[in-house]
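Below: one structure, written as structure tokens.
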Amino acid sequence: MDTHETPASAADESAASTHGSAASAAALPDLGPAARRIAGLLGPVGDGALDGPTPCPDYAVRELLGHLTGLAAAFRDAARKDLGPSTATSPDAALPVLDDDWREVLPRRLEEVAAAWRAPDAWTGMTRAGGVELPGEVAGAVALNELVIHGWDLARSTGQPYAAGEAELRSCAALLAPDEDDPDRGGIFGPPVPVPADAPLLDRVIALSGRRPDWRPGG
């Protein structure tokens, strides 16, 4: 403490700092709702549905669930800056394998990734995911986008309703929007699908990801 600082002013400064930290944490995107939505979709997915198609051309439902399990672990570790095999592997390296215990493991991984991104430090500095070095704030936005988009994939593939919050969708739209300097968005997503300008925000986000908002199995 400065010798000229009174205890009251020090307390005020400490309170302001605490308030500022709390406000900053409150302003961070919350991955919890997206993670919980996916967990809520898992119950109705019977073993007979695992070989069904998804909006991801290379994935059946089992690969989609395997991908969700892997990405939840990878982005959990990216948030923690626990860089290792989970954050070093490209998702395109091989088709995801769904382990037999996925019904226990995937909900737990979803809880873990949401909790990891509640830490303000997760959104700062550099981290790695999918073998790519990127700023924490970008990794967090990508993690949220993955949960929202693949949650929709799973819902559509298994005939379940799906809705996402406006804040989540606007974050995804900002991430997915083509950039003049990178119109192909690094080749990560397919070309945006045209939709009416007044289409629901969820449909516009799904279209930006290269998916048809009206996709149905067998459709």
Side-chain angles (χ1 to χ4, degrees), residues 28-80 86 89 91 94-119 122 129-130 140-172 175-176 200-219:
L28 294 174
D30 182 7
L31 277 63
R36 288 192 294 272
R37 275 197 304 274
I38 295 173
L41 295 169
L42 301 180
V45 181
D47 291 345
L50 296 179
D51 292 322
T54 76
C56 310
D58 296 331
Y59 288 177
V61 171
R62 70 172 65 250
E63 282 84 32
L64 175 59
L65 291 167
H67 179 61
L68 279 164
T69 304
L71 78 84
F75 281 101
R76 173 201 65 196
D77 294 343
R80 295 172 177 173
S86 68
T89 304
L95 277 179
V97 175
L98 184 65
D99 293 331
D100 292 340
D101 59 355
W102 68 270
R103 292 186 186 278
E104 294 76 39
V105 172
L106 181 50
R108 184 169 69 249
R109 292 271 179 87
L110 290 166
E111 290 178 2
E112 291 170 350
V113 70
W117 285 100
R118 290 193 187 104
V142 172
L144 176 59
N145 181 74
E146 288 284 295
L147 294 177
V148 170
I149 298 298
H150 287 313
W152 180 89
D153 288 336
L154 181 60
R156 278 303 168 94
S157 303
T158 56
Q160 300 183 68
Y162 188 81
E166 182 175 351
E168 297 170 282
L169 292 174
R170 295 208 177 279
S171 174
C172 293
L175 181 75
L176 293 168
L201 181 55
L202 175 59
D203 287 1
R204 283 180 274 150
V205 167
I206 294 303
L208 281 171
S209 76
R211 293 158 169 79
R212 284 176 34 220
D214 64 347
W215 187 93
R216 295 287 190 283

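Note that the coordinates shown come from a computational prediction; the quantities given were computed from them, not determined experimentally. As a basis for the values below, the full set of heavy atoms in this structure was taken, side chains included, without hydrogen atoms, waters or symmetry mates.
Of all heavy-atom pairs between Q160 and L41, the closest is NE2-O, 2.9 Å. Summarising the geometry of L169 relative to V205, their closest heavy-atom pair is O-CG2, 3.4 Å, with the distance given to 0.1 Å. Across every non-hydrogen atom of P96 and G66, the tightest pair is CB-C, 3.6 Å. Shortest non-hydrogen contact noted between W215 and P53 is CH2-O, 3.7 Å. Smallest separation of non-hydrogen atoms from G151 and I38: CA-CG1, 3.8 Å. Residue T54 comes nearest to A60 through the heavy atom pair CG2-C, 3.5 Å, listed as atom of the first residue, atom of the second, then distance.
Among residues two or more places apart in sequence or in another chain, the side chain to side chain contact (heavy atoms under 4.5 Å, CB included) test is passed with R216 by R156. For R103, the salt bridge (Lys or Arg N to Asp or Glu O under 4.0 Å) partners are D47, not counting sequence neighbours. For E63, the side chain to side chain donor-acceptor pair (under 3.5 Å) test picks out no residue, with sequence neighbours left out.
A salt bridge links R170 with E166: the distance from a Lys NZ or Arg NE/NH1/NH2 to an Asp or Glu carboxylate oxygen falls below 4.0 Å.
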Going through the checks in order, is the side-chain contact (heavy atoms from CB on, under 4.5 Å) test met by L28 and R118?
-> CA-CA 8 Å; L28 294 174; R118 290 193 187 104; over 6 Å; no
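With a 4.5 Å cut-off on side-chain heavy atoms, D99 and V105 do not count as touching. For the pair P55 and W152, the minimum side-chain heavy-atom distance is below 4.5 Å. You'll find the side chain of R204 stays beyond 4.5 Å of the side chain of L208, heavy atoms only. Using a 4.5 Å heavy-atom cutoff, the side chains of L154 and L42 are in contact. Looking only at side-chain heavy atoms (C-beta outward), L110 and L147 come within less than 4.5 Å of each other. The closest side-chain heavy-atom distance from E168 to L144 is below 4.5 Å. Side-chain contact between L71 and V113 is absent, with no heavy-atom pair separated by less than 4.5 Å.
Atom CD in E146 sits 11.0 Å away from atom CG in L31 (nearest 0.5 Å). Atom CG of L176 and atom CD1 of I149 lie 5.5 Å apart (nearest 0.5 Å). Rounding to the nearest 0.5 Å gives a distance of 12.0 Å between CG of D214 and CD1 of I206. Between atom CG of residue N145 and atom CG of residue L175 there is a gap of 5.0 Å, rounded to the nearest 0.5 Å.
Using modelled atom types, one side-chain atom of R109 and one backbone atom of T69 make a donor-acceptor pair closer than 3.5 Å. In this structure, the side chain of R37 engages the main chain of A163 through a donor-acceptor pair within 3.5 Å. In this structure, the side chain of Y162 engages the main chain of V148 through a donor-acceptor pair within 3.5 Å. S171 places no side-chain N or O within 3.5 Å of a backbone atom of A167 that could act as its donor or acceptor partner. When atom types are taken as modelled, the side chain of W117 and the backbone of F75 share a donor-acceptor pair closer than 3.5 angstrom.
In this pair, H67 and Y59 present their aromatic rings tilted. The plane angle is within the 30 to 60° band.
The neighbour count for D101 CG, taken as heavy atoms of other residues, nucleotides or ligands under 6.0 Å away, is above 12.
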